[in-house]
Amino acid sequence: MTSTSDPAAAPGPAAEPSYELPPGWPTTEAEAAAAQERLRGSVLVGGDLPAPGGGTGAVVGVDVAYDDERGVVAAAAVALDPRGLAVVGEATAVGRVTFPYVPGLLAFREIPAVLDALATLDRPGHRPDVVVCDGYGLAHPRRFGLASHLGVLTGLPTIGVAKNPFTFHHDAPGPRRGQWSPLLDGAEEVGRALRTQDGVKPVFVSVGHRVSLADACAYALHLARDYRLPETTRRADALCRRALAGA
DNA sequence: GCGACAG
DNA sequence: ATCTTGTCGC
């Protein structure tokens, strides 16, 4: 991956996001792992995200629900006003399940439906400032989890917020909201265990694309103003479940 | 070989 | 992820 902490190297005017599923989308585990190895170098760490609550665009949350019996998948994308966290846009997409759940390959199960939902949500002139994903970004065996993959495909800044530490290790963060501890793969900090509410189990934040780890945590904390999970995730989770039930 | 394993 | 009863608390 590349660092863009140097302002001179920062991306220029926001490019148009792409919501196209790339040609040759993997259908086997071997192809999927190879695709991750091929794309991992495209992840950008750092950038110039506006302060949480200070941006002009929306903060978008995405999530996916499944009915494996029927083979149906439903994705939701919800846009929030970064100030008051009010919902300003919603979109869903329903499709067929095309990939099993394999730890480390979650992106191949979730991304096709997520791209459809984002394409429906997006309105020209109203680009998301950032997309918050339910899962990991760089905290991944090959440093290319769902959030990083979605970021590289769309070009949008992304953040991963997961509910479990996957295979990584961490010490318990302090008991107060805002306290955190490094999420470690050996000696490497791949994310942070972040306490978003006093005395409540932490969430696990990692860089997706075009954000720094510190900014990713600041956003996660801002969005988790009232509950353990970011409001983006809560809204998207509720919406994709509704979409699945109605499909 | 065995256990662990985002959603 | 999804399956599920009761239970504690505002």
Side-chain angles (χ1 to χ4, degrees), chain A residues 26 29 32-33 35-36 39-40 43 61-78 92-117 131-152 158-170 182-186 188-194 196-209 213 216-217 220 224 226-230 232-247:
Chain A
E29 293 187 27
Q36 291 178 333
L39 291 170
R40 56 183 288 183
V43 175
V62 293
D63 196 16
V64 182
Y66 302 91
D67 182 337
D68 284 311
E69 297 296 296
R70 293 187 295 155
V72 175
V73 53
V78 178
T92 62
V94 174
R96 304 287 301 178
V97 172
T98 59
F99 208 93
Y101 171 66
V102 180
L105 301 179
L106 180 64
F108 299 92
R109 183 167 167 83
E110 305 222 327
I111 279 185
V114 167
L115 287 174
D116 286 346
V131 179
V132 179
C133 299
D134 198 357
Y136 281 127
L138 291 181
H140 179 274
R142 288 173 288 278
R143 302 295 181 269
F144 199 68
L146 166 66
S148 295
H149 204 148
L150 184 67
V152 166
T158 58
I159 295 169
V161 180
K163 298 180 280 296
N164 299 292
F166 203 7
T167 61
F168 306 110
H169 296 156
H170 65 96
L183 184 64
L184 300 171
D185 185 354
E188 180 182 357
E189 183 184 38
V190 295
R192 288 176 183 171
L194 174 66
T196 54
Q197 296 290 325
D198 291 354
V200 171
K201 180 181 169 196
V203 298
F204 302 89
V205 181
S206 59
V207 168
H209 184 55
L213 183 54
C217 289
D226 301 328
Y227 298 93
R228 176 191 176 225
L229 295 178
T232 39
T233 299
R234 301 183 69 255
R235 296 287 188 172
D237 178 74
L239 182 56
C240 69
R241 290 189 200 219
R242 264 183 281 146
L244 183 66

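Just so we're on the same page: letters track the sequence lines, and every chain starts at 1. None of the values given here were measured: they were computed from a predicted structure.
When the shell of 6.0 Å around CZ of R235(A) is examined, it contains 12 or fewer heavy atoms from other residues, nucleotides or ligands.
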*In dot-bracket, 5' to 3', how would DNA chain C read with Watson-Crick or G-U wobble pairs under 3.5 Å, [ ] for crossing ones and | for pairs to another strand?*
..........

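D67(A) and R96(A) are not joined by a salt bridge, as no carboxylate oxygen comes within less than 4.0 angstrom of a charged side-chain nitrogen. Classification of R234(A) and D63(A) as a salt-bridged pair fails, no side-chain N sitting under 4.0 Å from a carboxylate O.
The aromatic rings of H149(A) and F144(A) sit tilted relative to each other, their planes meeting at an angle between 30° and 60°.
Annotation: the span from L213(A) atom CG to L194(A) atom CG amounts to 9.5 Å, rounded to 0.5 Å.
Among C217(A), C133(A), P230(A), S206(A), the single residue meeting the side chain to side chain contact (heavy atoms under 4.5 Å, CB included) criterion with V161(A) is P230(A).
Within the 4.5 Å cutoff, no side-chain heavy atoms of E189(A) are placed close to those of L138(A).
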*Which nucleotides of nucleotides 2-7 of chain B have their base under 4.0 Å from a protein heavy atom (B), which only their sugar-phosphate (S), and which neither (-), written as one string 5' to 3'?*
---BBB

